[in-house]
Student: 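Shown below is the structure under consideration.
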Amino acid sequence: MILVFGGTTEGRRAVEVLEEAGSLYYYSTKTDEQEIHMHHGIHLVGVLVREAMIDICEKQSIRLIIDAAHPFAQHLHQTIADVAESLAIPVIRYERIYPPRDTDVEWIDDYSQIPQDIHSLLATTGVQSIQKLKPLEQQGMKIYYRILPRESSIDMALQQGATEEQLIYYEDSSTIEIDADAILLKESGISGGFIEKVKAAKEKGMRTIVLKRPQLTIPSPLYSIVNGPHGLRRAVERLLPEFYPLKSGLTTGTCATAAAVAATLRLLHNETPSEVPVRLPDGETIHVSVGYADGYAYCIKEAGDDPDVTDGIEVRAMVEPAESFEIKGGEGVGRFTLPGFDYPPGEPAINKGPRQMIRDNIKEHVRVTISVPHGADIAHRTFNPRLGIEGGISIIGVSGIVKPFSEDAFIESIRKCMEVAQASGTERVVINSGAKSERFIKVKYPDLPAQAFVQYGNYIGETLKIANELNIPKVTLCVMMGKAVKLAAGQLDTHSKKTTMDLSFIQQMLRESDIQMDISDMTLARELWERIPAHQLNGFASTVIMHCMEHCRPLLPQGELTILLIDENGKIY
């Protein structure tokens, strides 16, 4: 059993990660004011002192603790450490991602270092800091306290001596509603809106004082530190293997990045660690096992429980000094031979995402050559030859992590997500294929809760059937071109292992849109965005959506269905 300490953005994300398992867990918060939707979690409310925490851990057979509490909750962190040490329970600290410390702001270690030449101060450090700031008021400084408009926060602020005139309420962390000489912030990390708060203060010309976060210390070998959802899941899989029925894996892009980082460390610093940090596209950092041989470093591909012919392959990186940063493909890495990909024919089949990952993780001017022994043989068991990628495998991966699902498990996970969306009270559920399309579509629906966005993967038909069973009143189906042309042809499961795009049907849709064009040499559906004249894109998009609607509308007879087509840059049709 897992016990999570939350109440923060990281707490919500921990819940999302644990819900994927379908296993029971406990989620503890000080108050019941955080809106959290759980399908398998049990919510515990109230302060847990050491004895109470020990009692729960023993009675509920807690075998893993996840500390996703606020970085400034020092007393709670210490209590968790004491209990974990006493009961020998491993702890995963879900830390935030912090931007570099900007020299344009003034950093302090504690409240006593606040400059006393400030006339008026806007404090955003929480109600518990009011008492610590009272001495400055007594010395003549005018202080306003920005707090959440919660009854408990208001009561606590007034109890600590703040007046109603001093209280400023906010919902949007990027807006400053009052004029003051200076602002006091906590180093709350990216998820705490720190970047937006500093930017807003600078735009107002305010002097910015920042209280540094408490230094995180590792109390014992029982502790692991993660700073994102992928790292959290991998840590849970390692420490409590039975919690997830299926294990996640790494993309070839992450493996190539890890090998490149390791090879660079050896070249430039003569270091050969057994694990290296890899920053994923979402900004979080995971640690990946690597090895070393004569002239290169390598990473063994982990597919987890996702069936993948590349499982167990060795992805190598050779790094050499260079005048600028370069990425090359070596033995076993395929090459593009047809247009339509991120890079022109002749380029190594290392996709845009992995290339950016390698660049983001290696800042030095080096030449990185990625190779995969036996990659050419393995490629024959993939779709690469059909796509015009010859000579080896592709180095791919958008998120950097492979989430494993059997078909039944995937559909069941969709059902659980839809049930959580329904429980959130949202009238509209937005179903989308994955992280990329979801990122684009959230801009159109900024007011919907996070639970309202559900990923269908390839199972569009099954997802719509579930929405109908649950009587979801409004569904928005978001689809990108590759899946859209399959769906328009009646393929409700768009997985590439089960269906490929039908060129003749796409040609028919072009004719219906009064577009005369030969697409017999087209490799990927997304090429249509470039081939179709700009002034005819709206017409073609309407045709595709019409055909998609013909097949999807009957699956949601009682609900309102909206279908949106999204291009590669996020434009919505």
Student: Against the six-membered ring of Y94, is R13 placed for a cation-pi contact (under 6.0 Å from the centre, within 45° of the normal)?
Tutor: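 No, R13 does not sit over the ring of Y94.
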Student: Quick one: closest heavy-atom pair of H230 and S399, and the distance?
Tutor: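 What the structure gives for the nearest pair is NE2-CB, 4.1 Å.
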Student: Decide if atom NE2 of H39 counts as having more than 12 heavy atoms of other residues, nucleotides or ligands within a radius under 6.0 Å.
Tutor: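 It does: H39 NE2 has more than 12 such atoms within range.
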Student: Can you name the closest pair of heavy atoms from I358 and A256 and give their distance?
Tutor: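 Minimum heavy-atom contact is CD1-CB, 4.4 Å.
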Student: Restricting to non-hydrogen atoms, name the atom on L528 and the atom on L537 that form the minimum distance, rounded to 0.1 Å.
Tutor: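 Closest approach of L528 to L537: O-CD2, 4.3 Å.
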Student: Which heavy atom in P354 sits nearest to a heavy atom in G397, and how many Å separate them?
Tutor: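 Where P354 meets G397 most closely, the heavy atoms are CD-O, 3.7 Å.
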Student: Who pairs with E347 by salt bridge (charged side-chain N to carboxylate O under 4.0 Å, His left out), at least two apart in sequence or on another chain?
Tutor: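 Salt bridge (charged side-chain N to carboxylate O under 4.0 Å, His left out) list for E347, sorted by chain: R355.
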Student: Taking K197 for its side chain and G192 for its backbone only, find out whether a donor-acceptor pair lies under 3.5 Å.
Tutor: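 Yes; judged by distance alone, with no hydrogens or angles, the pair exists.
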Student: Could you pull out the closest heavy-atom pair between L232 and A14, with the gap in Å?
Tutor: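 For L232 and A14, the tightest heavy-atom pair comes out as CD2-CA, 3.7 Å.
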Student: Using modelled atom types only, decide if a donor and an acceptor are shared between the side chain of Y298 and the backbone of V372 within a distance under 3.5 Å.
Tutor: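 No, because the side chain of Y298 does not come within donor-acceptor range (under 3.5 Å) of the backbone of V372.
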Student: Are Y25 and E19 linked by a side-chain donor-acceptor pair shorter than 3.5 Å?
Tutor: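 A pair is found: one side chain offers a donor N or O, the other an acceptor, under 3.5 Å apart.
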Student: Taking L250's backbone N and O only, do any of them form a donor-acceptor pair with K301's side chain (distance below 3.5 Å, no angle check)?
Tutor: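 A pair under 3.5 Å: yes.
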Student: Between Y292 and R266, is there a cation-pi geometry (under 6.0 Å to ring centre, at most 45° from the normal)?
Tutor: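 So R266 doesn't make the cation-pi contact.
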Student: State whether the side chain of E390 and the backbone N or O of T337 hold a donor-acceptor pair below 3.5 Å, judged by distance alone.
Tutor: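 Such a contact is absent between E390 side chain and T337 backbone.
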Student: Considering residues, nucleotides and ligands other than K212, do more than 12 of their heavy atoms fall under 6.0 Å from its NZ?
Tutor: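 Counting neighbours around NZ of K212, more than 12 heavy atoms of other residues, nucleotides or ligands fall under 6.0 Å, so yes.
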Student: On a heavy-atom basis, which atom in G295 and which in M318 lie closest, and how many Å separate them?
Tutor: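 Between these two residues, the closest heavy atoms are O-CG, 3.4 Å.
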Student: If a pair satisfies salt bridge (charged side-chain N to carboxylate O under 4.0 Å, His left out) and one of its residues is in residues 313-327, list it, with sequence neighbours excluded.
Tutor: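 Checked against salt bridge (charged side-chain N to carboxylate O under 4.0 Å, His left out) - neighbours excluded - the pairs reaching residues 313-327 are E314-R316, E320-R367, E326-R367.
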